[in-house]
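Notes follow once the structure below has been shown.
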Amino acid sequence: MGMITVVCASPTRIISRMTVAMTMVAAAVTIMALRGLEAVEGGNVSYDGRALLIDGQRRVLISGSIHYPRSTPEMWGDLISKAKGGGLNVIETYVFWNAHEPTPGNYSFEGRLDLVGFLKKVQEAGMYANLRIGPYVCAEWNYGGFPVWLHFIPGIAFRTDNEPFKTEMERFTSKIVGMMKAENLFYPQGGPIILCQIENEYGNIDSSYGQAGKAYIKWAAKMAVALDTGVPWIMCNQADAPDPIINTCNGFYCDNFQPNSNQKPKMWTENWSGWFQSFGGRKPHRPVEDIAFAVARFYEKEGTFQNYYMYHGGTNFGRTAGGPYITTSYDYDAPLNEYGNVNQPKWGHLKDLHYAIQLCEPALILQAPASLKLGPMQEGHVYTDESDTCAAFLANIDSESDATVTFRGKSYHLPAWSVSILPDCKEVVFNTAQVNVQSLRWTTDTGSGDEEVDTQKSFMTLSETPWEIYKEPISDRRGNSFMFGGLLEQINTTKDMSDYLWYSSILVMENLNSSQIGTSEFTLSIHDMGYATHVFVNGNYIGSGSHSGQLAFPINLNSGGNKLDLLSMTVGLQNYGAFFDTWGAGINDVVVDSNNHGTYNLSLEPWEYQVGLQGEAFQLFAEQGNSMYWTSVAEVPRNQPMIWYKTTFGAPEGNDPVVLDLESMGKGRAWVNGEDIGRYWPAYHAPLTGCSKDCPYKGPFNQDKCSTNCGQSSQSRYHVPRSWLKDGKNLLVLFEEIGGDPTQIKFLTSSISSVCAHVGETHSSTLSHWTSKDLLESIPMVNIDCGIGKFIIAIQFASYGTPKGTCGSFSNGSCHAVNSRLVVEQACNGRRTCSLAASNLFFGHDPCRNITKQLAVEAICS
Ligand SMILES: *[C@@H]1O[C@H](CO)[C@@H](O)[C@H](O)[C@H]1NC(C)=O
Ligand SMILES: *[C@@H]1O[C@H](CO)[C@@H](O)[C@H](O)[C@H]1NC(C)=O
Ligand SMILES: *[C@@H]1O[C@H](CO)[C@@H](O)[C@H](O)[C@H]1NC(C)=O
Ligand SMILES: *[C@@H]1O[C@H](CO)[C@@H](O)[C@H](O)[C@H]1NC(C)=O
Ligand SMILES: *[C@@H]1O[C@H](CO)[C@@H](O)[C@H](O)[C@H]1NC(C)=O
Ligand SMILES: *[C@@H]1O[C@H](CO)[C@@H](O)[C@H](O)[C@H]1NC(C)=O
Ligand SMILES: *[C@@H]1O[C@H](CO)[C@@H](O)[C@H](O)[C@H]1NC(C)=O
Ligand SMILES: CC(=O)N[C@H]1CO[C@H](CO)[C@@H](O)[C@@H]1O
């Protein structure tokens with residue numbers, strides 16, 4: 001998809017503040033591009049108390065996380081170039097041990113795991129890399145990145161002063177460092193890597209490990225430094241990181257963070273651009289004005305390195321999601337959305353911020369700033385020295401009220417909870433609360449609930465296609481089944497080779513009289529350690545439970561033997577917490593009660609176990625070699641549990657990202673052409689309450705502040721990377737656990753359906769005149785841009801006045817210029833891009849005097 005570029009052409013003769021700023025931006029781009037190319041053989045990276053030094057020179061760096069296994073190699077180049085276009089100069093990634101070493105000593109670095117290939121793409125883009133090896137990474141990734149086999153090494157204890165663990169950690173860390181060296185990827189070798197991380201957020205939990213934890217951190221630091229990478233090592237959230245390791249900050253805000261030595265720079269390794277999502281959870285969002293505020297405050301207060309976690313979140317394909325319950329989507333409300341498209345206005349507003357910060361770089365690398373009190377909740381920071389170099393940040397941290405402050409004899413208007421950036425200590429080029437960037441709606445947006453954006457041509461259903469099925473056996477245990485007296489812990493039993501573990505037993509009920517047979521007089525109680533269980537009695541599906549705790553189901557029993565089949569499953573292994581690897585999963589108590597017939601405790605009875613499903617053993621998801629197991633059906637079964645479904649489909653035309661809409665399904669797994677799309681669970685809805693229609697950006701943010709999706713499927717849409725599709729027939733295989741309707745499955749593509757802009761007149765007191773005396777007004781301008789190959793076909797909404805609402809739900813306010821739509825149509829219809837100004841001049845009159853006006857537009861692209 002085309003990137004959204006701000007076009008400088010202005011429809012009027014007025015040189016806008018934006019235009020002037022853009023000229024400076026262009027200069028900044030050139031500087032950054034030149035700097036990025038400095039990586040030459042023999043370069044060096046060091047640091048002092050102000051910044052990282054690259055080739056002896058202090059640098060202000062802006063970084064973003066992109067995790068290579070969460071997208072495809074075909075997407076990497078585009079993601080990295082959009083990151084560079086967004087004003088970043090560093091790409092950060094974790095290294096995912098369990099993906100690279102699925103069995104001990106058996107390594108995999110192919111396809112999505114091609115770490116070297118990914119770093120070479122970063123290098124080709126002229127960007128730097130921060131390699132966070134961990135090897136514990138958390139990251140909402142299965143088991144925090146540890147291979148499950150590690151848990152079964154005799155005597156091992158994770159993340160503490162334990163020899164077997166340290167041996168393995170050192171072995172894997174050395175392996176990765178060795179690979180990087182062999183490929184000349186460290187900066188002193190001419191490569192892109194300027195930083196490495198050892199361990200990860202251990203400081204959050206180290207108190208649980210006592211003295212052994214302290215010894216472990218000292219060992220980890222020494223081990224890492226001895227690997228002699230030639231670049232500095234960091235530890236995030238580790239206040240006692242031993243020298244020379246730099247301790248860095250993670251959080252929503254890090255402006256008040258201080259490193260543990262004045263010889264170390266202030267660095268922010270995880271700035272949460274949004275938040276991850278769980279099955280059963282709401283969809284979290286972080287307003288761009290707030291994240292811009294946090295970033296500006298960080299650079300205002302001595303910060304010189306900041307990383308967005310995530311810049312592109314991507315997808316937890318296959319069984320890589322951690323958790324439990326992390327969704328397949330890892331969109332994170334990041335500047336690039338799950339499919340790799342720009343998430344506007346987040347991407348564009350942060351890009352404008354980055355350019356403003358880059359303009360300040362010459363001053364930011366001088367000594368620490370002087371701080372000024374500008375009002376009760378207003379302050380400024382000025383970076384300067386004896387020369388003319390000067391940059392200033394003016395902040396209003398009042399979360400309610402705007403303020404006007406005086407700085408060096410000039411007056412500046414500061415919206416509440418905002419920072420203005422003055423790269424020359426005179427003119428404001430950027431304010432974090434003023435978003436002059438269009439927002440976009442994609443054909444795949446689910447919006448905040450009440451709107452359905454899908455256009456007719458954007459989807460394709462599977463209602464007419466022929467289906468084949470395989471019924472997963474419910475009561476017959478076969479394959480690798482075995483008996484054990486009592487209930488086994490699940491992870492110990494499956495070793496995570498599958499999500500699924502069957503627990504089967506027979507309950508013999510003698511002397512049941514006819515009035516008891518077929519009545520729900522019995523209750524089956526299960527104590528579940530998590531993460532989800534489906535219950536079958538005599539082959540019938542009774543119900544399900546999720547999350548750990550006590551489950552109770554009314555059941556019918558027959559006289560004689562009754563078959564009990566409990567399908568217990570993990571949904572992404574734990575990835576966080578002290579000793580998380582020792583927390584169990586599965587079923588640990590089973591009791592059948594009847595009011596009149598006593599209690600049957602089955603916990604110590606013989607149970608038959610089967611790791612994984614029969615369909616997994618048959619590899620039904622594979623493209624070949626399993627045709628004998630499938631049966632064609634004239635009528636496809638709907639809403640029945642435990643069915644494998646298979647059909648073929650033609651790929652949607654074009655190059656837009658493809659999305660599988662599984663809203664009609666219950667819970668299970670999906671594969672396309674043998675590639676593992678991930679776990680789906682649309683039947684699990686977000687809570688009905690706790691969402692906000694409007695998300696005020698003012699005031700401190702937390703991950704629950706701005707959620708959407710209440711009462712809806714927590715995830716109904718699943719990314720199918722373009723590179724996994726082929727011309728002609730493609731294979732879709734699903735395993736449905738609880739019941740769904742596969743004929744209602746849809747394929748969508750994600751393309752821009754409409755473009756919105758919402759800009760406001762600025763107060764005249766905030767006028768920032770650049771150099772030109774001709775500058776009559778500071779006119780908020782906005783460019784509508786449909787992207788490559790698309791044109792504006794209609795104006796859905798336009799109002800110059802006091803419009804309300806957000807993209808997709810704008811409405812007229814009490815002040816409204818009646819010709820709004822006409823003026824915008826004349827400027828935009830039939831074009832790919834058009835520029836609009838929120839001004840009386842542009843609309844030919846003043847619809848309401850003495851009122852600050854805004855312009856809101858939604859244009860339809862096709
Ligand atoms: C690092 O580079 C700077 C500038 O090129 C040089 O002055 C310095 O000696 C180098 N340091 C090392 C350790 O190579
Ligand atoms: C190595 O791992 C791959 C999966 O990546 C697996 O198919 C293969 O059987 C493993 N080989 C050994 C020797 O464990
Ligand atoms: C797994 O088995 C080991 C050895 O029997 C035991 O010590 C451990 O507690 C079990 N793990 C869980 C999570 O129950
Ligand atoms: C059947 O059993 C129930 C409960 O145990 C009892 O209340 C009922 O009287 C019995 N009926 C017959 C016909 O035995
Ligand atoms: C069932 O038996 C097990 C093993 O003796 C015991 O731990 C559990 O508490 C019993 N369950 C109930 C509900 O009494
Ligand atoms: C806004 O007002 C105009 C009249 O100027 C009207 O035609 C239009 O339907 C109104 N739009 C909305 C969304 O209320
Ligand atoms: C607009 O404000 C000016 C100055 O504050 C005042 O003189 C004038 O009467 C106001 N006009 C209207 C239409 O309210
Ligand atoms: C390193 C680590 O555990 N960081 C976590 C901090 O919290 C964010 C929240 O999204 C996680 O994504 C990180 O994994």
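Both ligands and their constituent atoms are indexed starting at 1 by order of listing.
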**Prompt:** Which atoms of ligand 6 have any heavy atom of Asn812 under 4.0 Å away?
**Reply:**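 Result: 1 (C), 2 (O), 3 (C), 8 (C), 10 (C), 11 (N), 12 (C), 14 (O).
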**Message:** Which residues pass the side chain to side chain contact (heavy atoms under 4.5 Å, CB included) test with Ala433, not counting sequence neighbours?
**Reply:**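 With sequence neighbours excluded, Ala433 shows a side chain to side chain contact (heavy atoms under 4.5 Å, CB included) to Pro415, Ser418, Asn431, Tyr697, given in chain and number order.
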**Request:** Could you tell me the separation between the CD1 atom of Ile153 and the CG atom of Leu150, rounded to the nearest 0.5 Å?
**Result:**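 Taking CD1 in Ile153 and CG in Leu150, the distance rounds to 5.0 Å.
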**Prompt:** Can Trp417 and Asp290 be counted as having a side-chain donor-acceptor contact under 3.5 angstrom?
**Reply:**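 Short answer, yes.
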Need the list: ligand 5 N/O atoms against protein N/O atoms, distance under 3.5 Å, rounded to one decimal.
from: ligand 5; atom 1: 2 (O); to: Asn601; atom 2: OD1; distance (Å): 3.2
from: ligand 5; atom 1: 2 (O); to: Asn601; atom 2: ND2; distance (Å): 2.3
from: ligand 5; atom 1: 11 (N); to: Asp589; atom 2: OD1; distance (Å): 3.2
from: ligand 5; atom 1: 11 (N); to: Asp589; atom 2: OD2; distance (Å): 3.0
from: ligand 5; atom 1: 11 (N); to: Asn601; atom 2: ND2; distance (Å): 3.1

**Asked** With backbone taken as N, CA, C and O and side chain as the heavy atoms from C-beta onward, which portion of His816 lies under 4.0 Å from ligand 6: side chain, backbone, both, or neither?
**Response**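 The answer is the side chain.
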**Asked** Going by distance only, is there an N or O of Ser811 that falls short of 3.5 Å from an N or O of ligand 6?
**Response**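 In this structure, Ser811 places no N or O atom under 3.5 Å from an N or O of ligand 6.
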**Message:** Is the distance from the ring center of Phe279 to that of Trp681 below 6.0 Å?
**Reply:**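 For Phe279 and Trp681, the ring centres are under 6.0 Å apart.
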**Prompt:** Can you list the residues that meet the ring-ring contact (aromatic ring centres under 6.0 Å, His included) rule with Phe701, with sequence neighbours excluded?
**Reply:**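 Here the qualifying residues are Phe252.
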**Item:** For Tyr541, all residues meeting ring-ring contact (aromatic ring centres under 6.0 Å, His included), sequence neighbours excluded
**Value:**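 Partners of Tyr541 by the ring-ring contact (aromatic ring centres under 6.0 Å, His included) criterion, ordered by chain and then number, come out as Phe536.
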**Request:** Classify the angle between the aromatic ring planes of Phe843 and Tyr800 as parallel (below 30°), tilted (30 to 60°) or perpendicular (above 60°).
**Result:**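 It falls in the parallel class, under 30°.
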